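Some notes on the structure that comes next.
Each residue takes its place number in the sequence, starting with 1. All values reported here derive from a predicted model rather than from experimental measurement.
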Amino acid sequence: LLSALFGLERYRGSVAVHGRETRLRSPRDAMRAGIALIPEDRRHEGLLGSKSVKENLVLPVISRLTRFTLINARAEEDLVTTAMERLQIKTASPDVAVHTLSGGNQQKVVLAKSLTLGAKVLLFHDVTRGIDVGTKAQIFSLARELADSGHAILLYSSDHQELVHMCDRVMVLSRGQVAAVLEGASLSEANIVRAAFALEPTIAAEPDASLLEPGED
């Protein structure tokens, strides 16, 4: 689903961003529509590992910083400094190779790239896998801040507890269909698991006794 929304997979149906229908044939189309993917495999899909932190942050928006084939050094420095401070990216220097950073800081660089593009729809694909608890908390806090400021965040996670903690609404997909839409009191780990393995799709926007019996966790 996230790959299709980022123009990496063919799809049937329609996609609307801010109420305007758009066709996503490639990642370029997605980025122009304000959609950014923060991939699970950050090292191979989100970063140029041998390049510096600065180069990774600047590359997506280099055309905005360039005039007559020359990069505006002051604008470049301001962009990099702002991005590193906002995401609290820890590194000795923005000139070090990005692959030398911890997994959590690498993920922050990927996220910072998306924000410098000005994306308003963020596709989070298991973004906290393999990072430490402290960095997870920082990413969760930033995600909530972004959502509160008007960004739309689609979060896929293999951790059910993470979904319950982070999401306002969870859509469970099973066998190519929407098996359940969970929110409010019905949003729990037990209901997510039950919906994922249900033989028949069940829409449950409100607490449903068929999904969770009294006394169960």
Taking side chain as C-beta onward, heavy atoms only, is [X] less than 4.5 Å from [Y]?
X	Y	result
Arg169	Val181	yes
Leu111	Leu142	yes
Leu173	Val178	yes
Ile131	Ile139	yes
Leu187	Asn191	no
Arg43	His99	no
Val193	His160	yes

Side-chain heavy atoms under 4.5 angstrom apart, residues restricted to Ile, Leu, Val, Met, Phe, Trp, Tyr: same cluster for Ile89 and Leu59?
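No: no chain of side-chain contacts under 4.5 Å links Ile89 to Leu59.
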
Tell me whether Leu115 shares a hydrophobic cluster with Leu48, the cluster being built from Ile, Leu, Val, Met, Phe, Trp, Tyr side chains joined at under 4.5 Å.
no

How long is the gap from [atom1] on [X] to [atom2] on [Y], to the nearest 0.5 Å?
X	Y	atom1	atom2	value
Lys54	Asp95	NZ	CG	4.5 Å
Thr128	Glu40	OG1	CD	10.0 Å
Leu123	Ile38	CG	CD1	7.0 Å
Leu182	Ser188	CG	OG	7.0 Å
Leu163	Ser157	CG	OG	4.5 Å
His165	Cys167	NE2	SG	10.0 Å

What pairs of residues pass the side chain to side chain donor-acceptor pair (under 3.5 Å) test when at least one of them lies in residues 103-126, not counting sequence neighbours?
Ser102-Asn105, Lys108-Gln138, Asp126-Arg129, Asp126-Ser158

Which heavy atom in [X] sits nearest to a heavy atom in [Y], and how many Å separate them?
X	Y	result
Arg144	Met166	NH2-O, 3.3 Å
Gln161	Asp159	N-OD1, 2.9 Å
Leu101	Ala97	CD1-O, 3.8 Å
Pro94	Val80	CB-CG1, 3.9 Å
Ala195	Ala179	O-CB, 3.5 Å
Leu79	Leu57	CD2-O, 4.1 Å

Would you be so kind as to tabulate the donor-acceptor pairs closer than 3.5 Å made by side chains of residues 17-37, with sequence neighbours excluded?
from: Ser26; atom 1: OG; to: Arg28; atom 2: N; distance (Å): 3.4
from: Ser26; atom 1: OG; to: Asp29; atom 2: N; distance (Å): 3.3
from: Asp29; atom 1: OD2; to: Arg25; atom 2: N; distance (Å): 3.0

Side-chain donor or acceptor of Thr82 paired with backbone N/O of Asp78 under 3.5 Å
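Here the side-chain-to-backbone pair exists.
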
Checking Thr91 against Met84 for the side-chain contact (heavy atoms from CB on, under 4.5 Å) test, could you report, in this order, the C-alpha distance in whole Å, the side-chain angles of both residues, the deciding distance, and whether it holds?
CA-CA 9 Å; Thr91 176; Met84 292 184 65; 3.2 Å; yes

